Q: 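Before I ask anything, here is the structure I am working with.
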Amino acid sequence: MGIISLLVLLLSCRIQAFGAQMKVSPEALTVLRGEDARFTCSTSNIQWTVMVWLLNGTTALTISKDFGVLPSINPNVTAEKMEGSWEFILKNTERHNQGPVTCDLQGIDRRTASLFVQEKGSVKVFGEDKLVFKGQPVLFECQAVGWHPQPTLQWQVNNKKVSQGDYNISSEESGKSLFTVTSNLSMTAAKSSHVDCLASVSALPTPLKSSVRLTVVAEVVQEDGCTVPLAVTASFSALLLLLLLCICTVLCYRQRRQAKPSPQEAIRFDQSVDRRGPVAGATGGKVNLGYSSEGPTDAVYNELIMETRRQMDFVSIPKVPDVVSSSSLPVSEEGFKTVRRITTV
């Protein structure tokens, strides 16, 4: 019995020695769907001839020590030789690739690692930016759709995590083992803030984030012991501005009206024409009724001028001849008559 026990002990030690010479790393790997998965199989035993990689118990790739990587029917698998080891590469991973990954040294030993494939979905805060009064309750709703496994959902306000007691979480699983997580955050509006909803799984380096803006428009200010809402102050300022615009509009309109000749100016023109009549009579000249001053000639002023002319038709203006001649004028020595003409205007 002593000899048999010694042989069993020696055999187990030999097996452990071979086992210690073989290693697969990492022992567990988690990737996102579509990314590459890489495992390394290393051994110090130089007696191996064939290395076989298996996915979920099915042969995926064969490597010969002498000839290298042998052709495979799976286009997404390959391997690269490293110092003392081989790196197995699974490209464009899918959910069905999840499971054990085994490195088998034919006739020597085998080691198995675990592959986990996660799926990244989307995250969205419903609604647009919110505008509320200070002190009012406000509700935010976030939904993360199409994740595997169930994602972790977290709220942040101004980049500070919100306590889990302030929001609830519910989840449901679809037929494709994809999870949808919904969360509601209820808070009291205190100040304007950025509200973020974050969703993540372990393979995702940075959580996905959806953000909205909370604007508090009724923040109050203390002035002389009285509380004055900013909204009221803003409304009063807008009213004053509107009143100022109305006053400016009226002043501009009056200035434009004053720039045009008024009916009083037409009356003064009439009086100046009446005064011109006696002057013409005194001087024995004629009044030029076709004269008009430069200025606007719209219908109103033309009517005033025509009225002035009709009034002047009743004025008797003595007319004198433009030429005064006399036969008793002296004659020069040369026999010519000197004629003087007087024209009065």
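Quick caveat, the model's predicted, so the values are computed rather than measured. Basis for what follows: all heavy atoms, side chains included, without hydrogens, waters or symmetry-related copies. Counting from 1, the numbers follow the sequence of the chain as shown.
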Q: Under 4.0 Å between a side-chain nitrogen and a carboxylate oxygen: does that hold for Arg110 and Asp104?
A: yes
Q: Would you say Leu55 ends up clustered with Met51 if hydrophobic residues are merged whenever their side chains have heavy atoms under 4.5 Å apart, either directly or through other cluster members?
A: yes
Q: Can you measure from CG (Leu251) to SG (Cys246) and round to the nearest 0.5 angstrom?
A: 11.5 Å
Q: Any idea which heavy atoms bring Phe116 and Ala28 closest together, and the distance?
A: CE1-CB, 4.3 Å
Q: Decide whether Val125 and Val123 are clustered together by the hydrophobic rule: side chain heavy atoms of Ile, Leu, Val, Met, Phe, Trp, Tyr closer than 4.5 Å, transitively.
A: no
Q: Flag yes if more than 12 heavy atoms outside Ile73 fall under 6.0 Å of its CD1 atom; otherwise flag no.
A: no
Q: Among pairs that include at least one residue of residues 168-198, which meet disulfide bond (SG atoms under 2.5 Å apart), considering only residues two or more places apart or in two chains?
A: Cys142-Cys197
Q: Report yes if the side chains of Pro26 and Phe39 come closer than 4.5 Å at any heavy-atom pair, otherwise no.
A: yes
Q: Mind running side-chain contact (heavy atoms from CB on, under 4.5 Å) on Leu214 and Asp129 for me, showing each step along the way?
A: CA-CA 6 Å; Leu214 172 64; Asp129 296 344; over 6 Å; no
Q: Any side-chain heavy-atom pair from Asp196 and Leu198 closer than 4.5 angstrom?
A: yes
Q: Before giving the answer on side-chain contact (heavy atoms from CB on, under 4.5 Å), spell out for Thr112 and Val101 the whole-Å C-alpha distance, their side-chain angles and the decisive distance to 0.1 Å.
A: CA-CA 6 Å; Thr112 300; Val101 178; 6.0 Å; no
Q: Minimum heavy-atom separation for Val31 to Ala203, with atom names?
A: C-CB, 3.9 Å
Q: Assigning hydrophobic clusters by single linkage (Ile, Leu, Val, Met, Phe, Trp, Tyr; side-chain heavy-atom cutoff under 4.5 Å), is Trp155 placed with Met187?
A: yes
Q: Give, for atom CG of Leu90 and atom CG of Asn74, the distance between the pair rounded to the nearest 0.5 Å.
A: 7.0 Å
Q: Going through the distances and angles, do His148 and Arg95 end up as a side-chain contact (heavy atoms from CB on, under 4.5 Å)?
A: CA-CA 9 Å; His148 179 84; Arg95 290 267 307 281; 3.5 Å; yes
Q: Looking only at side-chain N and O atoms, does Glu172 offer a donor or acceptor that is under 3.5 Å from a partner on Thr180?
A: no
Q: Could you measure the distance from the OG atom of Ser211 to the NE2 atom of His194? Nearest 0.5 Å is fine.
A: 8.0 Å
Q: Between Thr93 (side chain) and Glu35 (backbone), is there a donor-acceptor pair under 3.5 Å?
A: yes
Q: With side chains defined as the heavy atoms from C-beta onward, is the minimum distance between Glu119 and Leu32 less than 4.5 Å?
A: no
Q: To the nearest 0.5 Å, tell me how far Ser170 OG sits from Gln143 CD.
A: 8.5 Å
Q: What distance separates Met82 CE from Thr40 OG1, expressed to the nearest 0.5 Å?
A: 5.5 Å
Q: Do the side-chain N and O atoms of Gln118 and Ser202 include a donor-acceptor pair separated by under 3.5 angstrom?
A: yes
Q: Same cluster or not: are Ile63 and Ile108 linked, directly or through other Ile, Leu, Val, Met, Phe, Trp or Tyr residues, by side-chain heavy atoms under 4.5 angstrom apart?
A: yes
Q: Search all heavy atoms of Val162 against all heavy atoms of Leu185 and return the closest pair with its distance.
A: CG1-CD1, 3.9 Å
Q: Nearest heavy-atom pair of Val77 and Ser72: which atoms, and what distance?
A: CG2-OG, 3.7 Å
Q: Taking the side chain as every heavy atom from C-beta outward, state whether Thr62 and Val50 have any atom pair closer than 4.5 Å.
A: yes
Q: Atom OG1 of Thr188 and atom CD of Gln136: how far apart are they, to the nearest 0.5 Å?
A: 10.0 Å
Q: For residues Leu178 and Val117: do they belong to one hydrophobic cluster (side chain heavy atoms under 4.5 Å, members Ile, Leu, Val, Met, Phe, Trp, Tyr)?
A: no
Q: For Trp53, enumerate each residue passing the ring pair (Phe, Tyr, Trp, His ring centres under 6.0 Å) test, keeping only those at least two apart in sequence or located in another chain.
A: Phe88
Q: Considering residues, nucleotides and ligands other than Ile46, do more than 12 of their heavy atoms fall under 6.0 Å from its CD1?
A: no
Q: Would you say that Leu54 contacts Val52 through its side chain, given a criterion of any heavy-atom pair below 4.5 Å between the two side chains?
A: yes
Q: Tell me whether the count of non-hydrogen atoms from other residues, nucleotides or ligands lying under 6.0 Å of CD in Glu94 goes above 12.
A: yes
Q: Thr249 side chain to Ile247 main-chain N or O, any donor-acceptor pair under 3.5 Å?
A: no
Q: Heavy atoms, side chains only, cut-off 4.5 Å: are Met22 and Ser44 in contact?
A: no
Q: So which atom in Asn159 and which in Gln156 form the shortest heavy-atom distance, rounded to 0.1 Å?
A: CA-OE1, 3.8 Å
Q: Looking at Glu173, I want to see if its CD is surrounded by more than 12 non-hydrogen atoms of other residues, nucleotides or ligands under 6.0 Å.
A: yes
Q: Under a 3.5 Å cutoff, is there a donor and acceptor pairing between the side chains of Thr43 and Trp48?
A: no
Q: Scan residues 80-91 for pairs that pass side chain to side chain donor-acceptor pair (under 3.5 Å), counting only residues two or more places apart or in two chains.
A: Arg38-Glu87
Q: Are the side chains of Tyr167 and Gln154 in contact, using a 4.5 Å heavy-atom criterion?
A: yes
Q: Compare every heavy atom of Lys130 with every heavy atom of Leu139, then report the nearest pair and how far apart it is.
A: O-CE, 3.2 Å
Q: Is the shortest side-chain heavy-atom distance between Trp147 and Val181 below 4.5 Å?
A: no
